[in-house]
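Here the structure comes first, spelled out in structure tokens, and everything after it is commentary.
Order of the sequence lines sets the chain letters (A, B, ...), proteins ahead of strands, with each chain counted from 1.
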Amino acid sequence: MAGGASSSEDERPLSKTVAGQGRANGESSKKPASKQTKNGDAKANGKEKKGKSAAPAPGSSDLSEEEEKSAASSSSEDEKPLAKVVPKKKQPAASGSTPKTAATKKGGKKGAKSESEDEEEDVKPKVGKNGKATTTAKRGKKAKDEDEEDVKPDVKAKGKGRAKKEEEGDEDELFKWWEAENNDGSVKWTTLEHNGVMFPPAYVRLPSNIKMKYDGTPLTLDPEPEEVAGFFAALLETEHAADKTFQANFFRDWLKLLKDHPPAEGIKVKDFNKCDFRPMFEYFELQKEKKKQMTAAEKKQAKAEREEIEKPYLIATIDGRKEKVGNFRVEPPGLFRGRGEHPKKGTFKYRLNPEDIVINIAESAPVPVPNIPGSWKEVVHDNTVTWLAHWKENVNGNSKYVFLSAGSTWKGQSDRQKFEKAKKLQQYVDVIRKDYTAELKSKIMADRQRATAMYLIDRLALRAGNEKGEEEADTVGCCSLRLEHVTLIPPCTIELRFLGKDSIMYEQEVEVDPQVFKNIKIFKADPKTPEDDLFDRLTTSGLNKHLGSYMEGLTAKVFRTYNASYTFQDQLNQLTPAKGTVAEKIAAYNKANKEVAILCNHQKTVSRTHGDSMAKLGDKLLAIKYQRMRLRYTLFNVDPKMKKKHPELVDLESDLEDDFFQRHETSLLETNIDKAKKKFEKENAKLQEEGQKPQKESVLNERIDKIKEENVEMIKERKAKKVEAPARGADADKILANIKKLDDRIETSKVSIEDRESNKTVALSTSK
DNA sequence: AGCGGAACTTAGCATTCCAGGA
DNA sequence: TCCTGGAATGCTAAGTTCCGCT
């Protein structure tokens with residue numbers, strides 16, 4: 001079997017293409033390679049985004065050789081076969097329950113394929129599908145009228161299903177099925193009422209004295225360009241504004257607006273570098289400051305007003321239940337903040353109007369009235385989906401939806417289903433692992449790739465990795481890994497280094513199964529270039545189809561959920577002290593959570609203030625030590641015998657250096673003087689209130705002088721290593737107790753510093 | 001088979017809220 | 001009481017998956 005099957009199998013794929021020309025074409029057809037500038041031409045010829053199965057590949061034969069050499073076990077390698085025959089098409093793993101079967105089946109399968117899979121259980125799912133499909137189709141066409149009359153969604157759906165399918169007869173039965181099955185994903189609601197979406201307030205013009213400048217001249221702008229300039233100005237001190245792509249896209253769109261709305265001064269804006277948005281920025285900052293200064297009462301009132309306005313949008317009624325709506329505010333206009341090297345970042349995202357929004361609501365429900373003039377683009381009644389409103393955003397052409405909030409029944413149920421699926425995977429995971437381990441040696445290249453990918457997904461919790469378009473940031477997941485992302489470190493270690501979702505860097509060195517190592521070596525073998533796909537015969541849909549054959553609904557991402565949950569539980573078990581305090585248990589929980597975050601590579605960028613705040617923490621720690629040092633000196637002064645009694649106290653704080661002493665002593669002096677001044681002012685204010693005369697300036701000066709003297713004294717004491725005991729508290733035991741207290745504070749402080757440092761890039765909330 | 005669109009989930013960044021410490 | 005930092009929440013970008021079409 002192997003022979004036949006494999007040969008047929010192989011051909012199809014063949015790796016993408018050889019380096020140059022193939023992809024160049026591909027690319028050009030699509031788009032002028034604006035892609036990441038990173039390695040411009042490499043990309044141009046290196047990467048061909050879509051077709052994995054593209055051209056016949058010369059490379060295959062090489063592979064086989066390599067493989068033969070390296071892998072005795074897999075004797076007949078079929079790499080070769082791949083190269084030769086080209087008869088069939090590819091059929092990635094199909095439904096066989098075990099890899100082997102799958103392989104065999106494949107060949108013969110194609111004709112029958114779809115049926116065998118869905119066939120039996122299909123009955124009901126099919127209905128569901130049809131229902132949905134039809135509805136959608138209908139909507140697209142706007143055929144809405146036809147069935148519209150059927151009040152009941154179910155009925156409607158049924159009708160369609162029927163139309164599409166052949167059967168008929170028992171409508172009633174079908175009807176019930178719908179009812180009963182509504183968890184199968186087709187019908188989501190019977191009644192749906194809500195108040196639509198909330199549009200942001202119209203643009204408010206800046207005061208006429210606030211103007212950006214061009215080449216030094218203030219420009220008077222129409223509202224449209226002024227608003228967009230303001231979007232940029234607001235980001236002036238963020239890295240967005242410093243980003244070249246962001247600047248270029250913003251400037252291009254802004255110029256477009258200026259074309260129709262030239263500045264009153266008649267100046268032609270051409271050069272971004274001559275633009276000075278600072279006056280606008282400063283105005284915004286001022287506004288922010290004002291907002292902060294509002295009294296608590298004012299803030300409260302503003303909040304109450306806001307809440308009053310959004311009240312109607314908060315709740316939707318579904319089948320009689322009240323449910324919270326999630327993002328009922330439509331996205332305000334702004335500059336697109338794409339992450340990483342997104343080619344479109346900085347692009348102007350338009351303001352939305354009712355004419356952009358499609359509303360989904362029960363027919364029986366009143367159609368909401370927009371809070372700004374205009375009428376909805378469309379009102380639909382699709383009970384097979386859970387969105388309440390939908391629109392298309394102009395920057396990337398992506399669809400945006402208004403859904404219920406995370407706490408709603410719909411989201412909650414689907415969340416639970418997710419975990420149930422992950423739990424169910426537990427029952428299958430052993431078999432799956434066994435199978436892919438065996439398949440690592442498969443003669444069928446496609447299967448071998450799939451097995452290798454599964455290994456990575458399972459072991460490293462990688463994401464599936466769909467192909468992406470040219471107009472997006474260049475990021476990858478497992479199936480879209482390229483050769484350049486994997487480095488082999490003999491004997492059995494691989495280094496993975498790539499930008500994943502959100503352009504977060506994934507960087508790991510892991511020891512892998514020798515066969516995995518060998519496979520990757522084969523996949524990387526010669527005629528390929530660094531920009532070629534590592535798994536050139538694997539797609540996410542192929543992979544998921546294979547996974548689905550083990551367990552209904554099993555897909556690549558379930559492994560992430562599964563492994564995250566497993567790791568969490570496992571760590572929890574290991575770390576939780578049998579009978580610990582609550583604090584210890586919480587610590588265990590946090591630690592386990594952190595492990596998960598690391599596994600899933602959840603990261604955050606280190607905050608801009610991280611460095612500063614760490615330095616502050618460091619100084620705080622040193623300040624405590626300084627205090628302790630003084631206490632020690634006091635102690636030894638009060639009772640010299642203590643030196644013998646507590647030798648461990650004699651030489652502490654060795655990390656306190658002159659540099660710090662000066663800084664600390666100066667800052668102490670400053671803060672003390674500051675405090676004195678404030679106190680003085682307060683006292684005077686009070687006196688004044690009581691109708692008395694304020695104290696003289698000289699009172700304050702005296703106090704300040706005193707502080708200065710004390711400070712000098714303190715420095716002297718430090719140098720002399722001898723501190724006079726205060727009148728009270730000269731008791732050695734008390735001093736010792738105080739030292740102990742400081743020790744504890746030092747400890748806590750140290751721990752929190754380490755903690756903060758080690759967590760600076762780990763995003764802990766995601767996995768929570 | 002592969003593409004593209006629809007519908008949802010996932011996740012980082014920004015902002016707001018809140019509690020604990022100087 | 002004010003400040004600060006961390007948690008909670010809001011926002012929306014960026015993924016995955018499924019499905020129908022060609």
Are Glu552(A) and Lys421(A) within salt-bridge range, i.e. N to O under 4.0 Å?
no
Here the distance between atom P of dC17(B) and atom NZ of Lys300(A), to the nearest Å, is 13 Å
Using a 4.0 Å heavy-atom cut-off, does Thr386(A) contact any base of the nucleic acid, only the sugar-phosphate backbone, or nothing at all? sugar-phosphate
Exercise. Heavy atoms under 4.0 Å, any strand shown: does Arg463(A) hit a base, just sugar-phosphate, or nothing?
Worked result: sugar-phosphate
inquiry  = Taking the basic N atoms (NZ, or NE/NH1/NH2) and the acidic carboxylate oxygens, is any pair closer than 4.0 Å for Lys377(A) and Asp356(A)?
reply    = no
Looking only at dA14(C), dC8(B), dG12(B), the nucleotide nearest the His342(A) side chain is dA14(C)
In whole angstroms, the gap separating C1' of dC11(C) from CG of Asp502(A) amounts to 13 Å
Review point. When all nucleic acid strands are considered with a 4.0 Å heavy-atom cut-off, which category describes Lys345(A): base, sugar-phosphate, or nothing?
Key: nothing
Lys418(A) atom NZ is separated from dG15(C) atom P, nearest whole Å, by 18 Å
Among the nucleotides dT12(C), dA11(B), dC11(C), whichever has the atom closest to the side chain of Pro332(A) is dT12(C)
Q. For Gly326(A), which contact category applies under a 4.0 Å heavy-atom criterion: base, sugar-phosphate, or nothing?
A. nothing
Looking at Asn327(A), I'd like to know whether one of its side-chain N or O atoms comes within less than 4.0 Å of OP1 or OP2 on dC11(C). no
*Salt-bridge test for Asp243(A) and Lys345(A): reply yes if a basic N is under 4.0 Å from a carboxylate O, no otherwise.*
yes
Between CG of Asn249(A) and P of dA13(C) the distance, given in whole Å, is 14 Å
Leu404(A) CG to dC8(B) C1', in whole Å, measures 13 Å
Remember a base hit wins even if backbone is also touched, and classify Lys349(A) as base, sugar-phosphate or nothing at under 4.0 Å, heavy atoms. sugar-phosphate
* To do: Using only side-chain N and O atoms of Arg337(A), determine if any of them is under 4.0 Å from OP1 or OP2 of dA14(C).
  => no
Taking dT17(C), dG12(B), dA6(B) as options, the one with an atom nearest any side-chain atom of Asn544(A) is dT17(C)
Q. Does a nitrogen or oxygen in the side chain of Thr555(A) sit under 4.0 Å from OP1 or OP2 of dT16(C)?
A. no
Of dA14(C), dA14(B), dA6(B), the nucleotide closest to the side chain of His240(A) is dA14(B)
From CD of Glu239(A) across to P of dA14(B) the rounded distance in Å is 8 Å
Less than 4.0 Å between a side-chain N and a carboxylate O, is that true for Lys349(A) and Glu393(A)?
no
Rounded to whole Å, CG of Leu388(A) lies from P of dA7(B) at a distance of 12 Å
Separation of dA7(C) atom P from Asn593(A) atom CG, nearest Å, is 11 Å
Nearest-nucleotide check on DNA chain B, Arg339(A) vs Lys411(A); residue mapping nearer the 5' end is Lys411(A)
Which is true for Gly477(A) with a 4.0 Å heavy-atom rule: it touches a base, it touches only sugar-phosphate, or it touches nothing? nothing
- request: Please state whether the phosphate of dA13(C), meaning OP1 or OP2, lies under 4.0 angstrom from any side-chain nitrogen or oxygen of Lys344(A).
  value: no
Indicate whether OP1 or OP2 belonging to dA14(C) is found under 4.0 Å from a side-chain N or O atom of Ser503(A). no
Note to self: Using a 6.0 Å cut-off, check whether atom NZ of Lys424(A) has over 12 heavy atoms from anything other than its own residue.
What the structure shows: yes
Of dA14(C), dT12(C), dT17(C), the nucleotide closest to the side chain of Phe336(A) is dA14(C)
Lys392(A) has its side chain closest, among dA6(B), dA11(B), dC18(C), to dA6(B)
Ranking Cys600(A) and Ser399(A) by the position along DNA chain B of their nearest nucleotide, the one closer to 5' is Ser399(A)
- So, His342(A) versus Phe336(A), ring centres under 6.0 angstrom or not? yes
Against the side chain of Asp415(A), the closest entry in dC11(C), dT10(B), dG12(B) is dT10(B)
Just by distance, do the side chain of Arg560(A) and the backbone of Ala461(A) share a donor-acceptor pair under 3.5 Å? yes
Exercise. Quick one: the side chain of Lys557(A) and the base of dT17(C), do they pair up donor-acceptor inside 3.5 Å?
Worked result: no
With the side chain defined as heavy atoms from C-beta on, Val385(A) is closest, among dC8(B), dG12(B), dT12(C), to dC8(B)
If only side-chain N and O atoms of Lys545(A) are considered, is one of them under 4.0 Å from the OP1 or OP2 phosphate oxygen of dC19(C)?
no
